[in-house]
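Some notes on the structure that comes next.
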Number of protein chains: 2
Amino acid sequence: MDLSDRKRKILQAVIDEYIGTAEPVGSRAISKRDNLNLSSATIRNEMADLEDMGYLIQPHTSAGRIPSDEGYRFYVNSLMERYQVGMEAIIELQKAFQMRITRLDQIIKYAGSIASSLTDYATIITAPQRGESMLRKVDLVPISNEKTTVVVVTETVRSHVINMALSDDECNILATALNKYLKGLTSKDVTIDKMREVSDRIKERTKLDEEVLARVLKFVFETITDDDTEIYVSNMQSILKYPEYRDVNKAGKMFSFLENKDNLRRLIMSDNGEGIHAKIGSENEDEILKDCSLVTVDYSLGDNRGGKISVIGPKRMNYSKVFASLDTISGEIDKILRYYTNNG
Amino acid sequence: MDLSDRKRKILQAVIDEYIGTAEPVGSRAISKRDNLNLSSATIRNEMADLEDMGYLIQPHTSAGRIPSDEGYRFYVNSLMERYQVGMEAIIELQKAFQMRITRLDQIIKYAGSIASSLTDYATIITAPQRGESMLRKVDLVPISNEKTTVVVVTETVRSHVINMALSDDECNILATALNKYLKGLTSKDVTIDKMREVSDRIKERTKLDEEVLARVLKFVFETITDDDTEIYVSNMQSILKYPEYRDVNKAGKMFSFLENKDNLRRLIMSDNGEGIHAKIGSENEDEILKDCSLVTVDYSLGDNRGGKISVIGPKRMNYSKVFASLDTISGEIDKILRYYTNNG
DNA sequence: TGTTAGCACTCAACACCCTTGAGTGCTAAC
DNA sequence: GTTAGCACTCAAGGGTGTTGAGTGCTAACA
């Protein structure tokens with residue numbers, strides 16, 4: 001369905017206005033804007049048409065009008081003017097990233113907090129997911145005369161403290177045996193049979209206490225197969241700033257939803273859009289999000305790993321600014337993480 | 001100042017009532033409770049006395065009375081009846097802990113979420129702080145033909161990916177050199193001179209690229225000296241359940257405060273009470289906490305490490321239940337972590 | 001002397017009503 | 001096709017009166 005140029009302008013004006021005020025927009029408010037020289041009566045007629053077409057909604061007679069989900073969708077697809085993130089902000093961002101370059105998870109968390117401070121909405125961010133996980137090395141380090149740390153290196157590094165009175169030599173022997181049989185193992189290779197076979201071979205080779213060996217192996221196999229991704233939320237409390245969540249009950253439900261990582265994981269995983277994209281209101285599956293929009297972007301590290309950043313806010317969010325901010329941030333993350341994983 | 005037995009009972013009744021209802025408590029409500037057989041007029045006289053003594057406050061004439069900070073303090077010190085955590089809850093808790101025994105930080109996070117679900121208040125929890133950090137081992141693991149992971153084992157394990165095209169052999173040589181000069185190093189030993197000395201020695205011994213060596217050493221030294229403790233908050237949104245935070249602005253400020261880890265760290269670090277203890281209302285330094293109480297308990301691992309759990313809620317919190325819950329949880333953490341670090 | 005009953009007074013909360021103003025739809029004039 | 005005018009609607013805001021919980025004080029009672 002095609003809209004006349006005038007209708008497009010009016011729809012855009014209504015949505016821009018509503019994004020700013022969160023109040024139903026009346027015809028007079030639009031006619032007073034300087035870019036359209038039309039009387040309020042004319043605007044009224046056009047707005048009535050837009051309502052018939054499904055782009056606007058009148059909450060009750062004699063109130064102004066607010067955008068429908070379809071209205072927002074049309075706005076995001078066709079009307080929205082691209083916002084430009086200021087150069088100062090970008091430089092600020094680059095500096096901030098560079099200062100935090102020590103730990104990957106910190107960069108990710110920090111990116112989330114930047115996204116939320118640029119947009120002033122809550123942000124959900126996932127740490128880079130591993131692609132296939134391959135075992136590089138197992139190491140055993142005596143910590144005291146009672147304890148030993150097991151270190152497993154795949155794409156990431158995990159460790160576990162167990163109770164064993166092992167000498168340096170014993171650690172070396174066991175580590176050597178473990179590496180001999182396990183190096184190069186991927187999550188696909190881990191089966192019950194494989195676990196039993198490795199266990200038997202090492203047992204006959206090292207003559208170590210059976211239970212200790214079982215515990216070490218359990219941890220190693222768990223580490224290879226486990227791939228839960230970390231997920232962070234920042235700036236949750238921004239929700240309270242928006243009149244949509246003036247009602248404390250509603251806000252509370254939203255908080256509970258966002259505090260539950262399973263919900264977030266499902267939310268972000270089920271997202272299969274590409275590039276920057278928005279899910280507006282009822283386009284979200286969760287009932288609780290029907291008044292919200294979720295704008296999501298992927299970032300990638302080039303090497304088969306990547307994650308997502310989502311900004312979540314009221315449907316009446318500043319899409320233009322959110323799109324621009326996420327675009328910039330994901331670009332900078334790409335840069336910094338490529339640098340980090342290649343030269344860091 | 002000594003209170004008559006009757007005054008104590010009345011004060012206790014007022015506070016118990018107020019904790020439940022959050023409404024100013026009138027004399028009639030107290031006289032109707034079955035444990036005291038006194039008319040409302042008598043109660044009125046006693047309550048007027050308690051107000052003169054500073055234990056109660058009347059928000060305005062002809063309203064009921066609410067406890068003052070001193071009233072709560074007296075209640076916590078002398079009146080409160082000890083709540084008993086149900087055996088089923090304890091067993092539930094033990095089971096839950098046992099299922100999560102794989103990772104220390106997960107246990108800690110989980111303990112926080114249990115504390116908040118038992119008490120229904122927000123919980124702040126710090127991961128075990130390290131005592132003195134001593135370097136046990138450094139390891140280098142090639143990840144691809146461009147990247148190598150550096151693994152540093154102290155009491156904990158940290159890793160870092162850097163860009164180096166090193167073979168297994170080269171990794172071994174460098175690792176051996178690093179271990180030779182660095183093993184046993186504690187945070188006290190790290191000085192600029194020491195760093196330079198180690199760097200020079202390894203340089204002449206291995207003839208490795210200077211920049212690469214510098215990067216590895218920087219990471220190793222950082223890991224030894226760095227001791228920022230992780231800190232988690234759970235169940236923040238419970239704040240919205242309490243009428244004290246019906247006002248969205250107030251709730252928003254509280255959220256911002258609790259989302260800032262620096263605030264939390266300062267809050268928990270500045271706490272120097274022993275055992276389970278409460279900071280009530282104005283006993284807290286932060287202005288924003290003057291309407292809150294903070295109940296804190298330490299847990300320890302026996303081996304010089306430990307952390308804290310704090311429950312934060314309205315002054316009108318169920319102190320009895322919070323004290324009992326924290327007591328139970330810290331006891332269970334002690335047990336499970338001792339088990340974990342000794343036998344895990 | 002301590003306790004109780006009764007009474008007048010205070011004050012926040014609530015319902016109710018009226019007014020106001022923003023906004024609409026419709027119609028007639030331009 | 002656009003504008004001006006008019007009657008209508010409805011939410012929000014500002015009094016006003018009522019209600020009910022609670023108090024302090026006083027007098028009577030055990």
Side-chain angles (χ1 to χ4, degrees), chain A residues 2-11 13-18 20-68 71 243-244 246-248, chain B residues 3-11 13-18 20-68 71 243-244 246-247:
Chain A
D2 268 359
L3 267 71
S4 71
D5 194 50
R6 194 168 74 179
K7 279 199 174 57
R8 294 168 68 99
K9 277 196 180 126
I10 290 174
L11 181 56
V14 169
I15 298 182
D16 281 340
E17 189 76 16
Y18 186 68
T21 63
E23 295 290 328
V25 182
S27 52
R28 229 174 83 85
I30 299 300
S31 81
K32 274 192 291 189
R33 289 168 78 105
D34 45 25
N35 54 345
L36 284 166
N37 279 322
L38 293 170
S39 81
S40 65
T42 309
I43 308 277
R44 269 204 289 287
N45 290 330
E46 294 288 40
M47 279 166 82
D49 289 351
L50 286 166
E51 186 175 359
D52 288 342
M53 290 167 158
Y55 294 124
L56 293 178
I57 292 171
Q58 199 169 20
H60 57 83
T61 62
S62 98
R65 285 177 170 92
I66 62 174
S68 68
E244 283 85 346
R246 194 65 55 74
D247 175 13
V248 177
Chain B
L3 268 71
S4 71
D5 195 48
R6 195 168 72 179
K7 279 199 174 56
R8 296 168 67 99
K9 276 195 180 128
I10 290 173
L11 181 56
V14 170
I15 298 182
D16 281 340
E17 190 75 16
Y18 186 67
T21 63
E23 295 291 327
V25 182
S27 52
R28 228 173 84 84
I30 300 299
S31 82
K32 273 193 291 189
R33 289 168 77 107
D34 44 26
N35 54 345
L36 284 166
N37 279 321
L38 293 169
S39 81
S40 65
T42 310
I43 309 276
R44 268 204 290 286
N45 290 330
E46 295 287 41
M47 279 167 81
D49 289 351
L50 286 166
E51 186 175 0
D52 289 342
M53 292 168 158
Y55 294 124
L56 293 179
I57 291 171
Q58 199 170 22
H60 57 85
T61 62
S62 97
R65 284 175 171 94
I66 62 174
S68 68
E244 284 84 347
R246 193 65 55 75
D247 175 13

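Letters A, B, ... mirror the listed sequences (proteins, then strands); counts begin at 1.
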Specify the closest pair of heavy atoms between [X] and [Y], including all atoms of both residues, with the distance to one decimal.
| X | Y | value |
| --- | --- | --- |
| Ser39(B) | Ser31(B) | C-CB, 3.8 Å |
| Ile10(B) | Leu50(B) | CG2-CD1, 4.1 Å |
| Arg65(B) | Leu56(B) | CD-CD1, 4.1 Å |

Leu38(B) has a side chain; which of dT23(D), dT4(C), dG24(D) sits nearest to it?
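Given the options dT23(D), dT4(C), dG24(D), the side chain of Leu38(B) is closest to dT4(C).
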Can you figure out which of dG24(D), dT9(D), dG25(C) approaches the side chain of Ser62(A) most closely?
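Per side-chain heavy atoms of Ser62(A), the pick is dT9(D).
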For [N], give its Watson-Crick or G-U wobble partner with both distances under 3.5 Å, or none.
| N | result |
| --- | --- |
| dG20(D) | dC11(C) |
| dT3(C) | dA28(D) |
| dG15(D) | dC16(C) |

Indicate yes or no for a side-chain donor-acceptor contact from Ser27(B) to the backbone of Ile43(B) under 3.5 Å, with no hydrogens or angles considered.
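Not at all, since once roles are kept as given, no pair shorter than 3.5 Å links the two residues.
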Indicate whether OP1 or OP2 belonging to [N] is found under 4.0 Å from a side-chain N or O atom of [X].
| X | N | value |
| --- | --- | --- |
| Thr42(A) | dT2(D) | no |
| Ser27(B) | dG22(D) | no |
| Arg44(B) | dT4(C) | no |

Provide, to the nearest angstrom, the distance between the [atom1] atom belonging to [X] and the [atom2] atom belonging to [N].
| X | N | atom1 | atom2 | value |
| --- | --- | --- | --- | --- |
| Glu46(A) | dG1(D) | CD | C1' | 10 Å |
| Ile30(B) | dT4(C) | CD1 | P | 15 Å |
| Arg28(A) | dA4(D) | CZ | C1' | 14 Å |
| Asn45(A) | dG1(D) | CG | C1' | 10 Å |
| His60(A) | dG25(C) | NE2 | C1' | 15 Å |
| Asp49(B) | dG2(C) | CG | P | 11 Å |
| Leu50(A) | dT24(C) | CG | C1' | 15 Å |
| Arg6(B) | dG2(C) | CZ | P | 9 Å |

For the atom pair OG1 (Thr42(A)) and CD1 (Ile30(A)), what is the distance rounded to the nearest 0.5 Å?
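Thr42(A) atom OG1 to Ile30(A) atom CD1 measures 13.0 Å (nearest 0.5 Å).
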Specify the residue among Thr61(B) and Ala41(B) whose closest nucleotide of DNA chain C lies further upstream toward the 5′ end.
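Mapping each residue to its closest nucleotide by heavy atoms, the 5'-most match is Ala41(B).
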Any donor-acceptor pair under 3.5 Å between the side chain of Ser39(B) and the base of dT4(C)?
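No such pair is found, so the answer is no.
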So what does Ser40(B) hit on the nucleic acid, given a heavy-atom distance under 4.0 Å: a base, only sugar-phosphate, or nothing?
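Counting heavy atoms under 4.0 Å across all strands, no contact is made by Ser40(B).
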